Asks: 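Okay, here's the structure, questions in a sec.
Per chain, numbering begins at 1; letters A, B, ... match sequence-line order. Computed from a prediction, not measured in an experiment: that's the story for all the values here.
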There are 2 protein chains.
Amino acid sequence: MIRIEPSWDFYRTFLTVLQQGSLSAAARELGLTQPTIGRHIDALETSIGFQLFIRSPQGLIPTEAATDLRPHAEQLASNAAALLRAASGQGGGVRGTVRISASEVIGIEVLPPILSALSDQHPDLIIELSLSDAVENLLHQEADIAVRMVEPEQDALITRRIGGIPLGLHAHRRYLDKHGIPEKLEDLLDHRTIGFDRESAFVRAIRKRVPLIELMRPSFRADSNLAQLAAIRAGFGIGVCQVALAKRDPEIVRLFKTEFTLPLETFVVMHENLKTTPRCRVTFDALVEGLLAYLGK
Amino acid sequence: MIRIEPSWDFYRTFLTVLQQGSLSAAARELGLTQPTIGRHIDALETSIGFQLFIRSPQGLIPTEAATDLRPHAEQLASNAAALLRAASGQGGGVRGTVRISASEVIGIEVLPPILSALSDQHPDLIIELSLSDAVENLLHQEADIAVRMVEPEQDALITRRIGGIPLGLHAHRRYLDKHGIPEKLEDLLDHRTIGFDRESAFVRAIRKRVPLIELMRPSFRADSNLAQLAAIRAGFGIGVCQVALAKRDPEIVRLFKTEFTLPLETFVVMHENLKTTPRCRVTFDALVEGLLAYLGK
DNA sequence: TCCTAATCATCTATTTTTGTATATCAGATA
DNA sequence: TATCTGATATACAAAAATAGATGATTAGGA
């Protein structure tokens, strides 16, 4: 039974201990001392009435109860960070921190010049870029704005459709010189191809489009699209990547230009709450404009 | 510029001051003293670098900045409460607090017997009932389970469709004795009717079904369906309410049984995270079963 | 086997936070 | 006008939280 509400700071301490694995490490992380962290955990355990950690000389091992509470504590941390970001943007004008979530490929290959120009225009704007393909992080307020490849169905979000980024099959000229150029799609079965590690919505979309993919046995697998792109650039074999990115390297050749093309629908998404805050508004617009330009629109 | 992260407790204090409107009232609310609350606000203002309140002898007036931060602070409070509820349910078995959100009518007229039976079966279960028609409170974790009249489109939610609760036009016999029984739908225009205060999705659904409603000039308006039900029971006039509720009072007569009937789709909804926690599982099942029984299924 | 490095627990001095009491101000009321 | 009630601000003492130092325990490596 919980008698009095614990200090919210205890939640922060609790999460940090979970993340760091020991009182000492959490103390270093938070700029406090180990006895203080220990007292916080003790107080929290007393307050909620059960044990959160098993102490050991190697650190603290979370109990099942602690693991159950972890997502709540993480959300609390996200919200606290969101509040601070909101606070940093106060005072009118474009200033403060804006946190953008995007896929690895987009974040590394496409966004930097867009964000760089934005930053030049608004020197007081601090840009954080979080690279992840998880769709949910807008709802958890881990980011203010997201570039997504699936249309979100959430009402509280403002969504702007950018269009389909064309994907194509590509290989490095070095690879083709050595292994020959496939003439028909079926020839791909005899080539070294680059594929996905795990099943995902994106992979299913490709399969649907080109059932042949099903039969292929990739000789290189990676979940990270970035790693796949690197593999194509390194001449490892034939893989799927954005046409615009491939064009940057004159040594990379597009294959089956007519037979295989796949538009990757792209959206810029923002919390409705943030539409009036200048820094988010400006960043949202810059992303939309920059991505449209990237698509040649 | 924010230099060091403020204590999370300051956020709680900040929100309480916003809610209560003065340092003194917030101090009473939190069980602290007015100087302490004042120091918390001072420290938070120093930390984030701008003023949150204008002090006055009548209390504290929030600045625009404070108003902007308010939703974040509220979400923080919801999450902290959700964490505590999760904590209260630890230890296996059906125990702890479960928070249910439902519309006023459902919560007052339909749920009590269901929840009462549930409570008898599980003495360690503490039930909180939050009456509101806002759809979003599941996402904000203000409730664990919700009874909703619109199907949520959110992926992270578990939804169970109950079916359509039939609505009908009703009036008290006392009213009909005095004003006569309308023969045709058009006759309603000459009667005292009970209508809605504001536009809502529910109202639009009714309008679509029975365009005649558009023409009616209700002599009693209330947003609260509960107030409308009370008005029908008091013999004020003719209004819309659940058929099953009207039947409980033999003095209430249903009108235009064939011409006017409207099923109110009903869903029980729960966060996916909570499906393994016994108290939520059990409550969810009890609500589904109870509501199906209420519908005669 | 012994040494090192990491951990948590405990005790005490110090710093920080909080509470108490009081002063001050603005508005409502007789 | 005098008074009462609510509010914030300030000074100082009390309480609480914190840091620092030390000891005990364990794992891993020479």
Side-chain angles (χ1 to χ4, degrees), chain A residues 2-48 50-67 69-70 73 76 80, chain B residues 2-67 69-70 73 80:
Chain A
I2 292 143
R3 308 195 180 283
I4 58 152
E5 193 188 352
S7 162
W8 286 8
D9 283 335
F10 294 169
Y11 300 142
R12 172 166 57 181
T13 304
F14 165 66
L15 178 61
T16 310
V17 172
L18 272 175
Q19 289 168 337
Q20 302 292 326
S22 80
L23 298 182
S24 315
R28 286 191 291 271
E29 177 75 18
L30 289 173
L32 298 170
T33 57
Q34 169 256 322
T36 299
I37 303 297
R39 276 186 294 261
H40 282 188
I41 298 298
D42 287 345
L44 188 56
E45 286 179 335
T46 308
S47 184
I48 61 182
F50 53 88
Q51 209 176 358
L52 290 168
F53 295 96
I54 299 160
R55 275 77 165 167
S56 87
Q58 285 71 49
L60 269 71
I61 300 147
T63 62
E64 197 178 341
T67 311
L69 295 185
R70 179 170 188 155
L76 216 39
Chain B
I2 292 142
R3 307 195 180 283
I4 58 153
E5 194 187 352
S7 162
W8 287 9
D9 283 336
F10 293 168
Y11 300 143
R12 171 166 56 184
T13 305
F14 165 65
L15 178 60
T16 311
V17 172
L18 270 176
Q19 289 167 337
Q20 302 292 324
S22 80
L23 298 182
S24 315
R28 287 191 292 272
E29 177 76 17
L30 289 173
L32 298 170
T33 58
Q34 170 257 321
T36 299
I37 303 296
R39 280 186 289 253
H40 281 187
I41 299 296
D42 287 345
L44 187 57
E45 286 178 335
T46 308
S47 184
I48 61 182
F50 52 89
Q51 209 176 359
L52 290 169
F53 296 96
I54 299 161
R55 274 78 166 168
S56 88
Q58 285 74 45
L60 269 71
I61 301 146
T63 61
E64 197 178 340
T67 312
L69 295 184
R70 180 170 187 156

Asks: Could you work out, with side-chain contact (heavy atoms from CB on, under 4.5 Å) as the rule, every residue matching B/Thr67, not counting sequence neighbours?
Replies: B/Pro62
Asks: At under 4.0 Å between heavy atoms, which parts of nucleotides 5-20 of chain C does protein reach? Answer with one letter per nucleotide, 5' to 3': B base, S sugar-phosphate only, - none.
Replies: --SBBB-------BBB
Asks: With sequence neighbours left out, what residues match A/Arg12 under side chain to side chain donor-acceptor pair (under 3.5 Å)?
Replies: A/Asp9, B/Glu5
Asks: Could you list the residues that satisfy side-chain contact (heavy atoms from CB on, under 4.5 Å) with B/Arg55, not counting sequence neighbours?
Replies: B/Ile41, B/Asp42, B/Glu45, B/Gln51, B/Phe53, B/Leu60
Asks: Reading DNA chain D in the 5' to 3' direction, which nucleotide is the first one with an atom under 4.0 Å from a heavy atom of chain A, and which is the last?
Replies: D/dT18 to D/dA27
Asks: Quick one: list whatever passes side chain to side chain donor-acceptor pair (under 3.5 Å) with A/Arg39, sequence neighbours left out.
Replies: A/Thr36
Asks: Is there any salt bridge (charged side-chain N to carboxylate O under 4.0 Å, His left out) pair reaching into residues 14-35 of chain A, and which pairs are they, with sequence neighbours excluded?
Replies: none
Asks: Identify, with sequence neighbours excluded, every residue that meets side-chain contact (heavy atoms from CB on, under 4.5 Å) alongside A/Ser22.
Replies: A/Ser24, A/Ala25
Asks: Kindly write out the residues that satisfy side-chain contact (heavy atoms from CB on, under 4.5 Å) with B/Gln58, not counting sequence neighbours, or none if the list is empty.
Replies: B/Ser56
